[in-house]
Amino acid sequence: MITMKPKMGRNWVIFLLLVTSGVVMASAAEVLVTQFSYNEFNEERDTGSFKLLGQASIDGGALQLTPDTSNDDYIFINKSGRIFWPKPFKLWDSNGDEEDGNLASFVSFFVINIYRQPSWNAGEGFAFVIAPNLTIPEASHGQWLGLTNATTDGDRTNQIVAVEFDTEKQDFDPDDNHIGLNINSVRSYTTVSLTPSGIEISPEEGTNYSVWVQYDGQAKVMEVYMGKEGDPKPSSPLLRDTIDLKHYVKQESYFGFAASTGYPAIQLNCVLKWKLDMEILPGDKGFMWWLLSIPAVILILVVVGGIVYLNYKKRREGGNREEGNVLGDLRRLTGMPREFRYKDLKKATKNFDESTKLGQGGFGVVYKGVLQEDGDDSTTEVAVKQFSRDDIKGKGDFMAELTIIHRLRHKHLVRLVGWCYEKGKLLLVYDFMPNGSLDKHLFGDHYDNTLNWERRYNIVTGVGSALLYLHNEFDQKVVHRDLKGSNIMLDSTFNARLGDFGLARALDNDRSSYAELELGGFPGTMGYVAPECFHTQKATVESDVYAFGAVVLEVVCGRSPGSEISYNQRLYSLVDWVWMLHREGRIVEAVDERLGNNYVDDEARRLLLLGLACSHPSASERPATLAIVQILSGSVSAPHVPPFKPAFTWASMASLTTPTTTSIILPSIASLSP
Ligand SMILES: *[C@@H]1O[C@H](CO)[C@@H](O)[C@H](O)[C@H]1NC(C)=O
Ligand SMILES: *[C@@H]1O[C@H](CO)[C@@H](O)[C@H](O)[C@H]1NC(C)=O
Ligand SMILES: *[C@@H]1O[C@H](CO)[C@@H](O)[C@H](O)[C@H]1NC(C)=O
Ligand SMILES: *[C@@H]1O[C@H](CO)[C@@H](O)[C@H](O)[C@H]1NC(C)=O
């Protein structure tokens with residue numbers, strides 16, 4: 001809370017601190033109030049107390065999200081249902097600024113029995129759900145778990161957060177026995193397989209499991225605990241993730257369950273007990289009655305006095321003011337992940353030893369760290385980015401990076417694990433990516449064919465979906481500004497993860513570009529920078545698309561965008577070369593020759609055309625990010641690309657000069673490279 005300096009160590013200051021923290025703790029100590037508690041359900045008594053939707057019912061002493069009795073298996077097929085507590089809960093108070101409002105903590109305890117007969121394949125899954133209203137989407141059976149459907153899945157307006165208990169593997173799932181934290185989609189943000197913990201959600205002999213879904217509104221952490229009914233609550237959660245509910249669900253939301261069956265995968269989806277404990281936010285307790293008690297008033301005066309005094313002391317000490325400000329800024333960020341101690345990061349990186357250096361990114365050096373976790377012997381590998389210390393802009397860059405990435409969550413973005421700001425040093429801690437960056441595999445000294453065609457296509461698709469998230473799906477438009485091979489990291493299964501948000505900036509949704517710029521001009525990297533940027537010096541969604549085009553060509557051709565290719569006694573840039581092959585009807589000849597014939601002709605053609613379309617000199621002619629994702633998935637055909645690369649025309653400049661059309665033809669990108 002407050003970093004204590006030795007100089008402040010006078011007794012009464014310590015006393016004040018104790019009093020202050022006592023009061024802060026007293027007011028912060030969340031009091032969970034039981035909202036309801038059911039040890040069993042009864043059809044007659046309880047049907048009116050809950051909202052039953054889809055094929056849900058109350059039957060046999062349980063909430064049945066999908067049908068539970070029949071002699072005919074057909075009844076169980078392709079069903080979905082939801083059951084809600086019919087009154088909404090207020091999840092945060094809106095006193096003042098929404099970002100600062102307190103989030104309510106809660107514990108939802110329930111006992112489930114996901115029964116299946118030995119002859120059935122279990123499926124599809126069950127979920128605890130927080131939803132904006134008492135409805136269920138049509139056709140939410142099968143893989144949609146009663147949460148979404150083929151149209152609505154992934155849509156931000158769903159305003160749904162759920163914990164899924166998934167018993168059927170889809171191609172995006174790790175297995176057929178996992179839990180996941182879902183936000184607006186059945187594609188989970190975080191998944192945890194239960195098999196290693198010895199839990200089978202839907203075992204052959206019906207088993208009752210106790211589940212605790214608990215949310216800490218102060219830390220903004222969601223945890224899921226699970227064990228056989230009757231066993232004590234496990235000491236550690238199966239799933240734990242930071243999530244700021246304010247960003248995803250409605251302030252007044254409904255709590256309940258959803259589930260579905262498919263074909264042929266079927267199961268019962270029973271809830272046998274349910275108890276909800278919830279924090280009542282201060283604003284809801286009526287007027288702050290404790291203000292009226294005289295001792296409390298005195299206490300407050302003492303506390304305020306203490307805070308004023310400490311601030312005064314701090315100001316006099318001067319030197320640490322900025323550090324204090326930064327820390328304050330950081331800790332105020334909602335949903336901020338873990339704060340690390342400098343000495344732990346120092347130890348993890350062997351004192352930032354050269355041997356642990358992974359690379360030099362924008363504004364700092366990245367080291368590999370091995371963190372010793374408290375309490376047990378396990379270790380975690382991380383990437384630690386240390387911002388250049390004497391860089392005056394360091395703090396601003398750090399804050400810029402942090403304010404954006406701490407809220408971004410997508411499976412194709414490198415995850416921020418935590419941060420540290422101590423002794424004037426700024427550090428960010430990310431998930432470690434065992435397979436390094438894309439460029440190392442494409443252009444490394446020893447090409448070993450790890451990047452086969454399937455992986456390459458998958459990488460491009462991953463980058464496309466990350467870009468769509470940044471541009472269209474996140475609640476603020478974010479331009480990455482520095483998309484390139486060395487910023488695309490590869491996880492253990494060679495999935496792409498976009499990293500290095502050092503240059504990312506959030507755009508207000510109503511502006512299409514970001515005007516503030518460093519004096520050094522446009523900060524991107526040659527070959528990936530759209531031609532208009534040399535004039536406007538503004539990064540836009542379209543300039544990200546341009547850089548994406550360069551990445552696509554790089555991945556397919558196995559050559560860097562800045563490379564010069566000799567053809568018919570002339571030197572061409574990568575784009576110009578591919579464009580020429582396209583004109584001559586031989587575009588697939590651009591495919592990396594190291595792949596031999598091991599690529600899919602159709603897919604290669606599609607990627608190359610997409611790469612060229614994104615490289616269109618005129619920003620407005622480039623495909624939209626959504627179209628890119630559709631083209632990659634094959635649901636939209638490859639874009640039409642003119643046989644000759646159009647000249648770069650800068651519309652706004654043309655209109656400023658003579659009435660005759662003026663086009664400015666830039667030197668080829670290759671000749672601009674260093
Ligand atoms: C179940 O639903 C799936 C997807 O909606 C559909 O393809 C299938 O034909 C359905 N099966 C039956 C037996 O209704
Ligand atoms: C998904 O649900 C919405 C809302 O109920 C509905 O309008 C839409 O048609 C559904 N989509 C499909 C594919 O059934
Ligand atoms: C209920 O919420 C869903 C999103 O989860 C939304 O699509 C739907 O329109 C809402 N229905 C009503 C009646 O407000
Ligand atoms: C599960 O709970 C129900 C209801 O409390 C009980 O009737 C049943 O025997 C339990 N099943 C097991 C396997 O413990």
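Read the numbers this way: they start at 1 and go in the same order the structure lists the ligands and their atoms. Numbers here simply count residues along the sequence, with the first being 1.
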S.K.: Nearest protein heavy atom to atom 5 (O) of ligand 3: under 4.0 Å?
M.R.: yes
S.K.: With ring centroids as reference points, do Trp274 and Phe36 lie under 6.0 angstrom apart?
M.R.: yes
S.K.: Looking only at non-hydrogen atoms, which of Thr135, Thr151, Asn149 approaches atom 3 (C) of ligand 2 most closely?
M.R.: Asn149
S.K.: Quick one: do Phe126 and Leu145 satisfy side chain to side chain contact (heavy atoms under 4.5 Å, CB included)? Show the steps, please.
M.R.: CA-CA 6 Å; Phe126 167 89; Leu145 307 184; over 6 Å; no
S.K.: Under a 4.0 Å heavy-atom limit, does Pro137 contact ligand 2 with its side chain, its backbone, both, or neither?
M.R.: both
S.K.: Looking only at non-hydrogen atoms, which of Asn133, Leu134, Thr152 approaches atom 14 (O) of ligand 3 most closely?
M.R.: Asn133
S.K.: I'd like to know whether NZ of Lys233 has more than 12 heavy-atom contacts from other residues, nucleotides or ligands below 6.0 angstrom.
M.R.: yes
S.K.: Could you tell me whether Glu542 and Arg622 have a side-chain N and a carboxylate O separated by less than 4.0 Å?
M.R.: no
S.K.: Salt bridge check: are Lys169 and Asp175 linked by an N-O gap of less than 4.0 Å?
M.R.: no
S.K.: Going by the order shown, which atoms of ligand 3 are within less than 4.0 Å of some heavy atom of Asn158?
M.R.: 4 (C), 5 (O)
S.K.: Is Ala131 near ligand 3, meaning one of its heavy atoms is under 4.0 Å from it?
M.R.: no
S.K.: Quick check on contacts: which atoms of ligand 3 are under 4.0 angstrom from a heavy atom of Thr157?
M.R.: 4 (C)
S.K.: Ignoring hydrogens and geometry, is there a side-chain-to-backbone donor-acceptor pair from Arg497 to Leu413 under 3.5 Å?
M.R.: yes
S.K.: One thing to verify: whether Glu205 and Arg116 come together as a salt bridge, which I'm taking to mean a side-chain N less than 4.0 angstrom from a carboxylate O.
M.R.: no
S.K.: Numbering the atoms of ligand 3 from 1, which are under 4.0 Å from a heavy atom of Pro132?
M.R.: 2 (O), 5 (O)
S.K.: Nearest to atom 7 (O) of ligand 2, what protein heavy atom do you find, and at what distance?
M.R.: Glu138 OE2, 4.5 Å
S.K.: In the protein, what heavy atom is nearest to atom 10 (C) of ligand 1, and what distance, to one decimal place, separates them?
M.R.: Asn78 ND2, 2.4 Å
S.K.: At less than 4.0 angstrom from any non-hydrogen atom of Ala139, what atoms of ligand 2 do you find?
M.R.: 14 (O)
S.K.: Which atoms from ligand 1 have a heavy atom of His141 less than 4.0 Å away?
M.R.: 2 (O), 4 (C), 5 (O)
S.K.: State whether Arg605 and Asp601 are salt-bridged, where the test is any N-O pair (Lys NZ or Arg NE/NH1/NH2 against Asp/Glu carboxylate O) under 4.0 Å.
M.R.: yes
